[in-house]
Structures are given as structure tokens and as C-alpha cells.
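To keep things clear, I will list the structure first and then write my remarks on it.
Convention: sequence-line order gives letters A, B, ...; per-chain numbering from 1.
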Amino acid sequence: MKYDFGTIEKKWQKIWEEKKCYAASNTSEKQKFYALIEFPYPSGEGLHVGHPRPYTAMDIVARKRRMQGFNVLFPIGYDAFGLPTENYAIKHKMHPREVTKRNIARFTSQLKMLGYSFDWDRVIDTTDPDYYKWTQWIFIKLFENGLAYKAKIPVNWCTSCKCVLANEEVVDGVCERCGSEVVRKEKSQWMLKITAYAERLINDLDGLDFIERVKIQQKNWIGRSTGAEVDFATTAGDTLRVFTTRPDTLFGATYMVMSPEHALLEKWFPLFKNKEEISAYQEAAARKSDFERTEMAKDKTGVELKGVRAINPVTGNEIPIFISDYVLATYGTGAIMAVPGHDERDWEFAKKFGLPIIEVVKGGNIEEAAFTDCQTGVMVNSGFLNGLTVEDAKLKITEWLSGKGLGEKKVNYKLRDWVFSRQRYWGEPIPLVFCEKCGWVPIPEKELPLLLPEVESYETTDNGESPLSAMKDWVETSCPSCGAPAKRETDTMPQWAGSSWYFLRYMDPHNSSALVGKEAVDYWNRVDWYNGGMEHTTLHLLYSRFWHKFLYDIGVVPTSEPYSKRTSHGMILGEGGEKMSKSRGNVVNPNDIVDEFGADTLRLYIMFIGDFEKAAPWSSTAVKGCKRFLDRVWNLGERVMDSPDSGYSPENESAINHTIKKVGEDIESMKFNTAIASLMSLVNELSDKGCSKADVKTLVCLLSPFAPHIAEELWEMLGGKGLCCEQPWPSYDESKMVDATKVIAVQINGKLKTTVTAPTDCADAELTALALSDEKVRRATEGMELSKTIIVKNKLINLIIKPQRS
RNA sequence: GCCGCUGUGGCGGAACUGGCAGACGCCCGGGACUUAAAAUCCCGUGAUGCGUGAGCAUCGUACCGGUUCGAUCCCGGUCAGCGGCACCA
């Protein structure tokens with residue numbers, strides 16, 4: 001019989017579904033294991049060949065855990081709100097809900113085609129009102145706890161999407177999604193105070209089993225820096241406060257710089273002697289986008305504020321103040337003390353404007369460049385700090401400043417609050433009402449979900465307001481608090497909202513009275529293993545940690561972190577090593593591969609392709625190798641089908657035990673490629689040497705997480721009881737892995753000469769004698785004296801020889 | 001510029017804690033089967049040189065150096081590529 005993958009795969013998918021083999025229980029006595037993948041955005045293009053990489057990886061882990069006796073939760077859902085669907089709907093004059101429905105149906109059939117062991121009874125969809133009810137509920141809780149606020153801020157505005165973007169969504173000055181130009185625009189926006197959690201988001205990383213590069217990237221993104229705030233008196237009478245990480249260099253501060261948007265500038269304006277110059281600079285800066293500003297980073301510009309000067313608090317010297325756009329309004333206090341001797345930017349600016357550069361840390365040559373090293377330098381020209389190290393000087397000056405009431409220790413973060421409004425239709429409506437008397441008021445919980453109204457047009461209005469704003473009947477409402485006429489918020493939430501808590505809903509997806517029931521969340525606790533893309537490190541992963549911590553603070557969840565372990569996969573590239581994209585025409589459709597080779601071959605190949613953490617190019621010829629392997633496994637099955645069911649054949653026992661160990665360990669460390677390689681080696685060996693039914697049954701069990709359909713079919717053919725996916729994971733016996741003899745490498749002076757076969761655990765003297773008696777060794781050592789012997793047990797012997805003394 | 005990662009055959013990639021570099025697979029070459037082809041099976045396959053031949057020798061993990069009996073692995077330096085951040089004081 002031929003290996004007919006098409007029939008086999010459909011057959012077992014149906015049986016698994018009917019028997020609900022992969023349904024997780026919320027009340028099991030077994031130990032729980034929660035495996036999570038990032039749920040897909042159901043795009044119109046359907047499943048991409050990149051999707052199966054992380055899905056298959058976690059499916060393998062989940063399947064192995066079930067065989068090891070765990071109660072496994074391995075869920076799937078759809079993150080379905082968002083722009084592409086809405087844009088498609090506009091273009092084709094459809095309702096986004098219809099587009100979403102259609103796309104989800106397509107994704108579902110493709111995922112089922114690949115034989116994943118998802119619990120299909122727990123599917124969630126972020127656009128389902130029963131789901132987004134709870135997204136809205138969380139928003140109201142954030143609002144009630146002072147973590148959601150509305151602010152008029154300059155926002156990133158995508159000229160094509162006609163929509164506000166979060167800082168994280170702007171890449172190289174263009175929209176991450178559509179690549180169009182992003183401009184600055186003043187708008188009133190809902191903000192989430194993620195900065196209130198900055199400290200905890202950094203500190204709590206320490207206790208988590210996240211791959212190191214994720215931790216590092218999150219830490220860099222949050223960007224903690226420790227320093228001090230220092231007050232400078234000015235001739236205008238006001239105090240100018242700055243933030244610095246180098247308070248030790250205060251004696252070297254020879255001028256100051258304020259951002260062009262600094263609030264004091266308006267107040268001081270009448271005092272300026274060069275009003276026109278200053279205004280012109282401010283206007284030019286305001287016109288530039290953030291991107292343009294950084295583009296011009298090389299060339300420093302600025303204008304001196306003539307008429308106002310500052311006083312250095314330690315030297316008492318009057319120093320000039322400049323405005324320059326290299327100082328950001330949104331970081332620290334929006335003003336800096338400039339220490340050109342020890343800061344590269346200040347040095348550049350001082351050189352350009354001919355300002356004095358004073359050395360206060362010895363160790364460099366400040367004529368040539370700023371000396372920024374904090375490790376080696378010693379303080380000079382710094383009064384009472386002279387002779388101290390930089391570290392000691394920081395402590396002493398900070399103490400001195402706070403003693404005098406001139407400043408204090410301060411920690412700053414690069415992380416900004418999260419811009420949470422979107423002026424689009426296809427998102428969760430923000431469940432708040434504005435009342436002239438009461439301000440912003442949440443709608444009562446019993447009115448949730450606040451449904452998306454049916455609108456005529458999904459397009460953003462010409463004035464940049466949400467399409468919902470055109471729905472007069474919907475917008476006009478009454479204040480839940482005082483009953484007066486009031487207006488609904490018309491912005492919707494960003495796509496990141498629904499994905500910030502979805503893993504909790506999987507624990508208890510049908511609960512209508514809570515986002516997750518207490519028993520369910522106490523049982524499942526948190527995600528044990530979450531695999532996802534590096535591109536979500538500073539977006540989804542950070543956002544969901546933030547929401548989870550908030551839910552922990554208000555007592556909804558029992559853990560302060562959502563995920564115990566986080567791993568990451570590399571991208572699947574096109575055949576030539578380039579990114580797969582429609583425009584390059586190198587996109588591989590998983591359906592084509594499944595039609596030609598079967599789902600098991602696709603699963604196997606995508607795991608065999610290379611190191612899971614690294615990017616790997618697709619190869620259409622290499623897929624065939626995996627199909628050949630499965631054919632060979634099939635042949636082995638047919639060969640032993642009618643044999644009696646006795647134990648392992650003695651000649652294969654060692655190899656089988658080795659493979660069990662190797663495959664098990666490799667799955668845990670996500671080295672799927674070498675796990676498959678060892679299965680291939682075993683198959684080669686069983687084919688060559690011959691094998692028993694028990695040998696093949698064990699092979700089939702080991703293969704089943706990778707290629708579950710063929711495994712079930714072979715298990716049945718071999719007369720196995722029950723389903724293969726429900727068998728216990730094979731165990732190995734170390735004592736059976738010992739071979740009688742070992743091949744030992746023989747080196748002479750560190751160079752490989754030959755190999756000898758010696759009994760396992762051969763005594764040193766015996767091995768040395770054996771090596772010396774070898775013909776090649778004898779020739780090489782002739783006339784030489786053996787001065788030293790190095791032996792690595794069961795591996796190698798190194799004979800150190802030198803010419804014989806005469 | 002800063003932070004992180006990576007450099008191994010024609011290709012994707014292996015190599016546990018410093019111990020036979022190139023597992024496994026692809027491609028390619030030769031052979032068997034076949035009227036023929038596909039499929040399958042068997043053999044070969046890092047480079048160079050020597051040898052009719054079994055084989056032998058030398059070189060080889062981006063580059064230069066160090067430590068070691070022994071280095072793809074550890075240390076110092078250089079180069080190249082990828083990813084993230086980017087005037088964050």
C-alpha cells in the first residue's frame with residue numbers, strides 16, 4: 001500500500017475532532033500546562049507559510065506534554081479588529097464584520113488542515129461583542145484607577161490610514177503598516193499611563209524565563225536612567241530645572257539649552273533682545289516632524305536667548321542659555337545643563353557656537369573630543385569634588401544639592417504613555433460619555449458591551465474624526481451620572497487592546513459574568529510557555545504585561561506577570577534569502593505544499609529547516625527530503641506489520657534509547673532540527689539492520705508530535721491500542737545505551753592520526769598499549785620518546801612525543 | 001553612534017562542559033532496476049597535492065594574534081552581515 005497522505009490526514013483530523021482529543025479540562029487532577037502562540041490576525045491573504053513555524057513548534061511541545069501526562073491548554077483565536085480588514089471592506093463595499101467572518105473561516109480551515117492540537121471549543125475572536133465587552137470593562141477599570149486620561153498632544157498621524165499611530169507603530173518616519181508618511185498633528189487623545197508601571201516592567205523581568213534578547217530589548221525600550229534634577233537660578237527670576245545623569249560634571253556646565261517648546265519661553269519673551277530670531281527658530285522647529293528633526297541630527301542648530309542668563313549653582317558664574325531642537329521637550333524637564341567637556345552633543349554645539357569647554361574629569365583630551373568615560377576618570381577643576389572618582393562625585397554632589405534644596409536624585413524613563421485612541425470604525429468603542437457637568441463618565445457595567453453602531457460609511461471623516469462621529473443618534477446620549485444630555489466618545493481602541501489580555505479569556509472563554517472566572521484563573525494561573533515573534537517585544541508583549549499587572553493590582557488575576565517563559569522564532573524567508581512578500585512574488589502558500597506533499601511533510605520540513613530561533617530560507621527541493629523520510633517510515637511500518645509483538649530487537653536497543661533521550665531533550669530546548677535529524681538516523685539504521693514491531697512502534701510515538709497523522713495511521717496498522725497521541729511518551733534506559741566497545745581517536749602531538757576500537761571504559765594503561773601497537777602509530781613514533789599521555793575517557797588519547805635523547 | 005546577535009562545504013545546517021569538524025537533509029556525480037523516464041535502492045561527495053591502486057600527506061570553522069597536550073568553542077584585536085534603538089541629557 002502506498003502512503004496516501006491526503007486520505008490519512010483527513011481521516012485522523014475527523015477522529016481527533018469527534019473524540020475531542022485536545023480539549024483541556026478546567027478541573028483535571030493532572031498537572032496543568034498552558035502553551036500559547038500569538039493568535040493570528042485573519043488577513044485576506046490567508047495563512048502564510050511563516051505562520052506554521054511557531055504553531056508547529058508549540059504543537060510539538062503541547063503534544064509531547066499530553067503524552068507525558070499533563071492537562072494541556074493549547075488554544076487558538078483571532079485578533080480580528082484592525083485596519084487592513086477595514087480598508088478592504090471600504091474598497092469592496094462590504095461590512096468589516098463580513099470580511100472578518102470570511103477570513104476567519106479561511107484561517108480556521110487552513111489551521112485544521114495542518115493538524116494542530118488546538119482546543120477548538122475555546123476559540124476566541126476579539127471582535128465578538130461577548131469578548132470585547134471585557135476589553136471595554138478593563139478600559140473602564142483603567143479609567144477609574146486614573147490610568148486612562150485624555151490629553152491634547154502632538155500625535156503621529158498617518159496620512160494614508162488617516163489615523164493616529166502609537167510611537168511603536170512608526171518605523172523610520174513612516175507608518176509601520178502601510179509605509180506612508182507620518183506627520184505631527186495636535187489632537188486630543190486617550191492615553192494609558194504605562195509609565196506608571198515602568199519600574200515594575202523592568203524589575204520584574206528578572207524573575208522570568210524569557211530569552212535574554214527579549215529582556216534586553218524591553219529594558220532598552222523602557223530606557224531607565226538614573227541621575228539628578230538640578231535647579232539653576234536665572235536673571236529672569238525663575239528657576240530653570242534640568243535633568244542630568246552626570247551631576248558630577250556640574251562645575252563644567254558652561255551654558256544651558258532649552259527645547260524650543262519649553263513653557264518658560266513664553267513668560268520670558270518680553271525680556272528677549274533677539275525676539276525675532278527666537279520666534280523664527282521656534283516656528284521652524286514646530287514645522288519639522290520628529291523624523292526630520294532626527295534626520296538633521298548631525299548638524300546642531302540653536303539660538304541664544306539674549307536678555308536672560310542662568311547661574312551655575314556651584315561656580316556662581318553667569319552662563320548663557322540657548323534654545324535648540326536637540327533638546328527634547330518630552331524628556332526630563334525639557335532643558336539641560338550643557339557640559340561640553342564630557343558630552344558629545346554639547347561638545348559639538350559648543351564648538352559650533354564658540355562656547356567655553358572646561359575639563360572637570362581628567363583622562364581624555366577635551367580639545368579633540370568630549371571625554372565621556374565614567375569608569376577611569378578623576379574629578380578636577382571641581383572645587384570640593386576634586387580627586388574623587390566619577391561615581392563618588394555623583395553621590396557627593398547629589399547629597400550637597402539636596403542639602404541646599406537645589407536638586408535631588410531622579411530616575412527618568414524613555415517610555416512614553418500609550419496613545420490609545422484611533423479614529424477608525426473597526427475597533428472596540430471606548431465606553432465613555434462626555435457630560436458638560438460631570439466630565440468623562442464611564443457607561444454602567446450592565447450596559448456593556450457598547451456595540452459598534454451600523455454606519456453608512458467606514459471612512460474617517462475629512463476633519464480627521466472617527467466615522468462614529470457622524471452617527472448623531474448614537475453619539476447623542478445622556479449622562480449616566482446626572483442624566484443631562486451628553487456625547488459618546490467616538491474614537492475606538494487600537495488593535496493592541498484585544499490582544500493585551502486574550503490569554504486570560506482562553507482559560508474560561510464562555511464566562512458571561514467575568515472576563516475570567518476565579519476558579520479558572522486559579523487553576524491555569526498563567527501561561528507556562530509563550531512563543532512569539534521578536535517584532536512584538538516592545539508592543540504586544542510589553543502592553544500585555546502592563547495590563548496584566550494592572551489586573552493583578554485590582555485583584556482580577558493571581559499573578560503579577562502573565563507569562564512564565566517566552567521564546568522566539570526566526571522568520572521564514574523566500575527561496576533566495578529575501579523576505580517573503582507579494583511584490584517579490586516569492587510567497588509560498590501552505591495549501592500548495594499540503595496538496596503536493598501532505599501536512600505532515602510541511603510540519604516536518606518547517607521544523608527541520610534550521611535553527612528555530614534564526615531566520616531560514618525556504619527551499620522547495622529540501623521539502624522533498626522530508627517526504628522521502630516519511631515514505632521510509634511508512635515502509636518500515638509495512639515491513640513489521642505482520643510480525644509478532646515482542647520487545648525491541650537487541651541490535652537496535654541502544655540506538656532506540658539514545659533517540660528517545662535525544663528527541664525528548666531537543667524538543668524542550670526547541671532544537672527541533674536536530675530532533676528530526678536523530679529520528680532520520682534511527683530510521684536509516686532500522687532500515688539497514690532490520691527491526692521489530694516494538695522498534696517501529698516506539699519510533700512512531702517519537703514521531704507523532706512532529707507528524708501526527710502518519711503516526712496515528714501507522715499506530716493503527718501496527719495494532720496499537722487507542723490513539724497514538726494518547727500513548728505515554730516513551731522512556732529510555734541509560735543502562736541500555738552503553739555499547740560494548742568505543743571508537744577512540746588517537747592523536748599524536750594533538751593531531752589526529754587514526755582511531756582504535758577499545759572496550760568501553762578501557763583502563764588507561766591498556767588503551768595506551770593498544771594505541772601504541774597500532775601500525776600507523778608505530779610508524780609515527782619510531783625513534784621518538786613518549787613524554788606524556790592525555791586520555792579522555794571513551795573518546796580520545798593524545799600521545800605527546802619528542803625526539804629520543806641520544 | 002549605542003545595545004544585541006551572527007560569520008562552519010556548492011546549499012540549509014550539526015558538533016554535549018575545550019576532545020575524531022562537516023551529523024541529518026538538499027544539490028551534484030556514478031551504478032542497479034526499467035524498452036525508456038519518474039520513483040526507489042546502492043555507492044561517492046570540504047579543498048589541494050601525491051599515488052595505477054588500497055591509500056598517503058598537507059590545509060581547512062570570516063581575518064590577525066594569545067592561552068592549552070589539544071580551540072568552531074575560552075581571551076584580545078580586526079573585518080563583514082543581520083536585528084533593535086537612535087540628539088532620551
Checking contacts here: which listed nucleotide ([options]) is nearest the side-chain heavy atoms of [X]?
X	options	result
A:P617	B:C24, B:G12, B:G19	B:G12
A:F243	B:C87, B:G19, B:A89	B:A89
A:R213	B:G13, B:G4, B:C3	B:G4
A:T674	B:G4, B:A15, B:G13	B:A15
A:L796	B:C87, B:C20, B:A89	B:C20
A:I609	B:G12, B:A14, B:C69	B:G12

Would A:F608 and A:F706 count as a close aromatic pair, with their ring centres under 6.0 Å?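 No, the ring of A:F608 stays outside the 6.0 Å limit from the ring of A:F706, centre to centre.
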Are the aromatic ring centres of A:Y605 and A:F597 under 6.0 angstrom apart?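 Between A:F597 and A:Y605, which both carry aromatic rings, the centre distance is not below 6.0 Å.
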Within 6.0 Å of NZ in A:K409, more than 12 heavy atoms from elsewhere: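 It does not: A:K409 NZ has 12 such atoms or fewer within range.
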Should the heavy atoms of other residues, nucleotides or ligands under 6.0 Å from CD of A:E596 be counted, would the total exceed 12?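 Check fails, neighbour count at 12 or below.
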Is A:D346 touching bases, backbone alone, or none of the nucleic acid, heavy atoms closer than 4.0 Å?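 Contact class for A:D346: none.
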For A:T537, report the nucleic acid contact type (base, sugar-phosphate, nothing); a contact means any heavy atom under 4.0 Å.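 A:T537: no heavy atom of the nucleic acid under 4.0 Å.
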Bracket string, RNA chain B, 5' to 3' - pairs by Watson-Crick or G-U geometry under 3.5 Å, | interstrand: (((((((..(((......[....))).(((((.......))))).(((((....)))))..(((((..]....))))))))))))....
Would you measure the distance from the [atom1] atom in [N] across to the matching atom in [M] and give it in whole Å?
N	M	atom1	result
B:G13	B:G51	P	39 Å
B:G7	B:C63	P	13 Å
B:U6	B:G76	P	15 Å
B:C73	B:C20	C1'	16 Å
B:A47	B:G22	C1'	13 Å
B:U72	B:A62	P	9 Å
B:C87	B:G9	P	39 Å

Where does B:G9 fall, syn or anti, if syn means a chi angle no more than 90° from 0?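 Chi for B:G9 falls in the syn range.
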Show the numbers, then the answer: is there a side chain to side chain contact (heavy atoms under 4.5 Å, CB included) between A:I791 and A:T768? CA-CA 9 Å; A:I791 290 173; A:T768 309; 3.9 Å; yes
Distance under 6.0 Å and angle within 45° of ring axis: A:K300 vs A:Y326: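 Cation-pi check for A:K300 and A:Y326: passes.
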If you take all heavy atoms of A:C762 and A:L767, which pair is closest and at what distance?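 In terms of heavy atoms, the two residues are closest at SG-N, 3.7 Å.
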Residue pair A:M256 / A:A310: nearest heavy atoms and the distance that separates them: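 Closest approach of A:M256 to A:A310, heavy atoms only: SD-CB, 3.4 Å.
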Presence of donor-acceptor pair under 3.5 Å, side chain of [X] and base of [N]:
X	N	answer
A:Q217	B:G83	no
A:K614	B:C5	no
A:K776	B:C56	no

Look only at the side chain of A:R416 and the backbone of A:K414, and say whether a donor-acceptor pair between them is shorter than 3.5 Å.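 Flag set: sc A:R416 to bb A:K414 pair under 3.5 Å.
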Quick one: on RNA chain B, does A:T226 or A:Y605 contact a more 5' nucleotide (nearest heavy atom)?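 With A:T226 and A:Y605 compared, the 5'-side residue is A:Y605.
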On RNA chain B, does the nearest nucleotide to A:N798 precede the nearest nucleotide to A:K795 from the 5' side, or the other way round? Give the residue.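 Result: A:K795.
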For the residue pair A:F5 and A:Y3, categorise the inter-ring angle as parallel (less than 30°), tilted (30 to 60°) or perpendicular (more than 60°).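 Rings of A:F5 and A:Y3: perpendicular, as their planes differ by over 60°.
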Any protein N or O atoms within reach of nucleotides 25-31 of chain B? Criterion: under 3.5 Å, listing atom names and distances.
| residue | atom | partner | partner atom | Å |
| --- | --- | --- | --- | --- |
| B:G25 | OP1 | A:N684 | ND2 | 3.2 |
| B:C26 | OP1 | A:R628 | NH1 | 2.5 |
| B:C26 | O2' | A:T621 | OG1 | 2.8 |

Under 4.0 Å between a Lys/Arg side-chain N and an Asp/Glu carboxylate O for A:R566 and A:E38?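 A salt bridge links A:R566 with A:E38.
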